[in-house]
**Student:** 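One structure, pasted below without further comment.
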Amino acid sequence: MIRIDIATLFPDMCESVLSASIVGRGREAGFIEIECHDIRKYTDNKHNRVDDKPYGGGTGMVMQAQPIYDCICEIRQKIGKNAKVIYMSPQGKTLTQSKVKELSDLSNIIILCGHYEGVDQRVLDELSVEEVSVGDYVLTGGELPALTLVDAIARMQEGVLPNSDAYSIESHYNGMLEHPQYSRPEVWRGRKVPEVLLTGHHENILKWQEEMSFEVTKRKRPELLYDSFSSNKPYAKYVRVQGGSPDKNGIKPDIVTLMGILKRKRVLTNREEKQWKKAKIWFKENLPDPFCADCPKNTVIYLKTEKAFDILRMYSPLLDVLAAHEIPYEVIFADFMGKMLWEDDVRAGFDIAVGDGSDVEN
């Protein structure tokens with residue numbers, strides 16, 4: 001059983017949510033232990049202040065190090081373990097289902113909820129916290145993100161849900177989105193439940209669910225596919241980032257070409273040029289040069305998805321540059337291509353196939 005301690009300025013707010021519904025029942029049944037701690041109780045001043053003005057100026061207030069440190073140290077002393085500390089912060093890595101799985105296997109977690117303009121950096125360094133974000137946006141405090149994380153972890157604990165199928169077939173658990181769900185009536189406003197779900201044939205239903213899970217992911221969140229595998233092969237074999245205006249052949253330039261155009265036009269700021277230079281160094285060290293003398297003009301460059309995550313990570317600041325200059329772009333994931341020009345981490349071809357991809361070397 002996992003124990004989760006939450007250090008917050010609003011313990012009552014957290015308790016009201018964590019005492020209800022499935023998580024509340026799981027706590028009552030003893031399948032998960034959750035304690036909320038009021039950071040204000042650990043202040044060393046008579047007014048119970050936990051914040052002060054930031055050094056260097058600026059608006060707002062910053063949570064002080066001492067109350068947070070004393071609160072978490074007492075929690076660790078109480079549980080008798082040097083538990084992992086998670087700080088809910090928009091600067092952290094975005095929470096994913098794989099991260100939830102990792103945390104749910106721990107026996108103790110302490111979650112720190114910030115407020116105001118943030119937390120004194122020194123206490124974060126002293127406690128060696130791990131920062132986790134629930135998205136690229138800013139909230140008034142860390143309580144809602146903390147409750148999100150606790151809910152995600154709680155439902156994976158044995159006994160909280162009826163069985164593992166209650167969460168293992170859901171979106172993101174296996175890297176893909178969940179298949180569509182249907183309930184009574186069989187026909188609603190002329191829309192029928194898929195026939196296969198009415199047959200009672202378990203094997204056919206399972207096959208349909210797997211196929212639909214792939215199709216839903218491909219349509220709604222194609223970027224998830226390069227990290228999902230079937231028979232030890234990624235679902236999406238190629239990835240390409242392109243944008244701007246198409247050339248006379250209707251082909252849009254890839255992001256590498258786009259950045260080169262912006263540099264030649266001398267519209268990039270010093271910071272943007274540094275980002276571009278850093279990305280070029282990474283591409284040169286990790287990928288073959290796509291601009292070879294033997295490559296025909298207007299070659300369409302696709303990158304194999306075994307490196308897609310790292311590639312898109314390097315692309316991220318470049319995409320921000322394109323957005324800053326109001327240049328539209330798109331990330332394309334494909335299962336096949338047209339004629340192959342060479343076999344390597346970088347692949348190129350013309351006339352993106354819409355058939356079965358039988359001319360592609362796998």
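Worth saying up front: this structure is predicted, and the values here are computed from it rather than measured.
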**Student:** One pair to check against side-chain contact (heavy atoms from CB on, under 4.5 Å): Gln275 and Val321. What are the steps and the verdict?
**Tutor:** CA-CA 9 Å; Gln275 291 174 328; Val321 173; 3.4 Å; yes
**Student:** Look at the side-chain heavy atoms of Ile, Leu, Val, Met, Phe, Trp and Tyr, link any pair under 4.5 Å apart, and say whether Leu322 and Val267 land in one connected group.
**Tutor:**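 Leu322 clusters together with Val267.
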**Student:** Would a single hydrophobic cluster contain both Leu112 and Val17, if residues Ile, Leu, Val, Met, Phe, Trp and Tyr are joined by side-chain heavy-atom contacts under 4.5 Å?
**Tutor:**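 Same cluster: Val17 reaches Leu112 through Ile, Leu, Val, Met, Phe, Trp or Tyr contacts under 4.5 Å.
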**Student:** Could you check Ile86 against Ile110 for side-chain contact (heavy atoms from CB on, under 4.5 Å), going step by step and ending with a plain yes or no?
**Tutor:** CA-CA 6 Å; Ile86 301 292; Ile110 301 173; over 6 Å; no
**Student:** Rounded to the nearest 0.5 Å, how far does CD1 of Ile153 lie from CD1 of Ile4?
**Tutor:**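 Nearest 0.5 Å value for the CD1-CD1 distance: 4.5 Å.
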**Student:** Can you tell me how far apart NZ (Lys280) and CG (Leu318) are? Round to the nearest 0.5 Å.
**Tutor:**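 The distance works out to 11.0 Å.
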**Student:** Spell out, yes or no, whether Met1 and Met156 are grouped together once hydrophobic residues are joined by side-chain heavy atoms under 4.5 Å, including indirect joins.
**Tutor:**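 Result: no, two separate clusters.
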**Student:** Return a table of donor-acceptor pairs under 3.5 angstrom between the side chains of residues 114-129 and protein atoms on other chains or two or more places apart.
**Tutor:**
{"unit_1": "His115", "atom_1": "ND1", "unit_2": "Thr140", "atom_2": "O", "d": "3.1"}
{"unit_1": "Tyr116", "atom_1": "OH", "unit_2": "Arg40", "atom_2": "NH2", "d": "3.3"}
{"unit_1": "Asp120", "atom_1": "OD1", "unit_2": "Arg122", "atom_2": "N", "d": "2.9"}
{"unit_1": "Asp120", "atom_1": "OD1", "unit_2": "Arg122", "atom_2": "NE", "d": "3.0"}
{"unit_1": "Asp120", "atom_1": "OD2", "unit_2": "Arg122", "atom_2": "NE", "d": "3.4"}
{"unit_1": "Asp120", "atom_1": "OD2", "unit_2": "Arg122", "atom_2": "NH2", "d": "2.7"}
{"unit_1": "Gln121", "atom_1": "NE2", "unit_2": "Asp125", "atom_2": "OD1", "d": "2.8"}

**Student:** Rounded to the nearest 0.5 Å, how far does CG of Leu177 lie from OG of Ser213?
**Tutor:**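 It comes to 6.5 Å.
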**Student:** What pair of heavy atoms forms the shortest contact from Asn108 to Ala83, and how long is it?
**Tutor:**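 Between these two residues, the closest heavy atoms are CB-CB, 3.7 Å.
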**Student:** Nearest 0.5 angstrom please: Leu103 CG to Leu95 CG, how far?
**Tutor:**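 Answer for the CG-CG pair, Leu103 versus Leu95, is 7.5 Å.
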**Student:** Under the side chain to side chain donor-acceptor pair (under 3.5 Å) rule, collect the residues that match up with Glu130, sequence neighbours excluded.
**Tutor:**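 With neighbours one apart ignored, the set is Lys84, Lys99.
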**Student:** Quick one: list whatever passes side chain to side chain contact (heavy atoms under 4.5 Å, CB included) with Met212, sequence neighbours left out.
**Tutor:**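 With sequence neighbours excluded, Met212 shows a side chain to side chain contact (heavy atoms under 4.5 Å, CB included) to His179, Pro180, Trp208, given in chain and number order.
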**Student:** Is Ile39 reachable from Ile79 through a run of hydrophobic residues whose side-chain heavy atoms are each under 4.5 Å from the next?
**Tutor:**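 They do not share one cluster, since no chain of ILVMFWY contacts under 4.5 Å joins Ile79 to Ile39.
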**Student:** Applying side-chain contact (heavy atoms from CB on, under 4.5 Å) to Gln242 and Ile255, what does each step give before you reach the verdict?
**Tutor:** CA-CA 5 Å; Gln242 64 182 31; Ile255 190 171; over 6 Å; no
**Student:** Rest of the hydrophobic cluster containing Ile261 (Ile/Leu/Val/Met/Phe/Trp/Tyr, side-chain heavy atoms under 4.5 Å)?
**Tutor:**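 Its cluster partners, ordered by chain and number, are none at all.
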**Student:** Under the side chain to side chain contact (heavy atoms under 4.5 Å, CB included) test, which residues partner Glu211, sequence neighbours left out?
**Tutor:**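 Per chain and number, Glu211 pairs via side chain to side chain contact (heavy atoms under 4.5 Å, CB included) with Lys207.
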**Student:** Mind checking side chain to side chain contact (heavy atoms under 4.5 Å, CB included) for Thr269 and listing every partner two or more places apart, or none if nothing turns up?
**Tutor:**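 Residues passing side chain to side chain contact (heavy atoms under 4.5 Å, CB included) with Thr269: Arg271, Glu272.
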**Student:** Going by the rule side chain to side chain donor-acceptor pair (under 3.5 Å), which residues pair with Ser89 if we only count those two or more places apart in sequence or in a different chain?
**Tutor:**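 By the side chain to side chain donor-acceptor pair (under 3.5 Å) rule, Ser89 matches Glu131.
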**Student:** Under the 3.5 angstrom rule, does the side chain of Ser19 hit a backbone N or O of Ser16 as a donor-acceptor pair?
**Tutor:**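 Checked: no pair found.
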**Student:** Only pairs at least two apart or in different chains count here, so list each salt bridge (Lys or Arg N to Asp or Glu O under 4.0 Å) that has a residue in residues 180-189.
**Tutor:**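 As it turns out, there is no salt bridge (Lys or Arg N to Asp or Glu O under 4.0 Å) pair with a partner in residues 180-189 once direct neighbours are skipped.
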**Student:** Taking side chain as C-beta onward, heavy atoms only, is Thr96 less than 4.5 Å from Lys101?
**Tutor:**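 No, side chains not in contact.
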**Student:** Is there a side-chain contact between Ser245 and Lys252 (heavy atoms, below 4.5 Å)?
**Tutor:**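 Ser245 does not reach Lys252 side chain to side chain.
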**Student:** What is the minimum heavy-atom distance between Asn45 and Asn48, and which atoms define it?
**Tutor:**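 Smallest interatomic distance, heavy atoms only, reads OD1-N, 2.8 Å.
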**Student:** Drop me the distance from Tyr329's OH to Leu258's CG, to the nearest 0.5 angstrom.
**Tutor:**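 If we round to the nearest 0.5 Å, Tyr329:OH and Leu258:CG are 12.0 Å apart.
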**Student:** Tell me whether Leu198 is reachable from Trp188 by hopping between hydrophobic residues (I, L, V, M, F, W, Y) whose side-chain heavy atoms are closer than 4.5 Å.
**Tutor:**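 Cluster IDs for Trp188 and Leu198 differ.
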**Student:** With a 3.5 Å cut-off and sequence neighbours excluded, list the donor-acceptor pairs that the side chains of residues 57-72 form with protein atoms.
**Tutor:**
{"unit_1": "Gln66", "atom_1": "NE2", "unit_2": "Tyr42", "atom_2": "O", "d": "2.7"}
{"unit_1": "Gln66", "atom_1": "NE2", "unit_2": "Asp70", "atom_2": "OD2", "d": "2.7"}

**Student:** Can you sort out the partners of Tyr137 under side chain to side chain contact (heavy atoms under 4.5 Å, CB included), two or more places apart, ordered by chain and number?
**Tutor:**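 Val134, Leu139.
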**Student:** Any salt bridge (Lys or Arg N to Asp or Glu O under 4.0 Å) involving residues 190-206? Give me the pairs, sequence neighbours left out, ordered by first then second residue.
**Tutor:**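 Salt bridge (Lys or Arg N to Asp or Glu O under 4.0 Å) check on residues 190-206 returns no pairs.
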**Student:** With a 3.5 Å distance limit and no angle check, can you tell me whether Ser21 reaches the backbone of Val23 through a side-chain donor-acceptor pair?
**Tutor:**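 Not confirmed, Ser21 side chain does not pair with Val23 backbone.
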**Student:** Do His37 and Ile75 have side-chain heavy atoms sitting under 4.5 Å apart?
**Tutor:**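 In short, these two side chains touch, coming nearer than 4.5 Å.
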**Student:** Which value, rounded to the nearest 0.5 Å, describes the distance between Cys113 atom SG and Tyr87 atom OH?
**Tutor:**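 So the SG of Cys113 and the OH of Tyr87 are separated by 9.5 Å.
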**Student:** Between Met88 and Leu149, is any pair of side-chain heavy atoms under 4.5 Å apart?
**Tutor:**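 Yes; the side chains approach each other to less than 4.5 Å.
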**Student:** Which heavy atom of Cys14 sits nearest a heavy atom of Ile6, and at what distance?
**Tutor:**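 Reported closest heavy-atom pair: SG-CG2, 4.4 Å.
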**Student:** Give every residue pair that meets the salt bridge (Lys or Arg N to Asp or Glu O under 4.0 Å) criterion with at least one member in residues 18-29, sequence neighbours excluded.
**Tutor:**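 Pairs touching residues 18-29 that pass the test: Glu15-Arg27.
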**Student:** Surrounding CG of Asp105 (heavy atoms of other residues, nucleotides or ligands, distance under 6.0 Å), is the total greater than 12?
**Tutor:**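 Yes.
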**Student:** With a 4.5 Å limit on heavy-atom distance, are the side chains of Thr8 and Asp38 in contact?
**Tutor:**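 Not touching, per the 4.5 Å side-chain cut-off.
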**Student:** As a quick check of understanding, evaluate side-chain contact (heavy atoms from CB on, under 4.5 Å) for Lys265 and Lys263, giving each step before the final call.
**Tutor:** CA-CA 5 Å; Lys265 287 184 176 181; Lys263 187 177 186 305; over 6 Å; no
**Student:** Assess the side chains of Asn82 and Arg76: does a donor N or O sit below 3.5 Å from an acceptor N or O?
**Tutor:**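 Per modelled atom types, Asn82 and Arg76 side chains form a pair under 3.5 Å.
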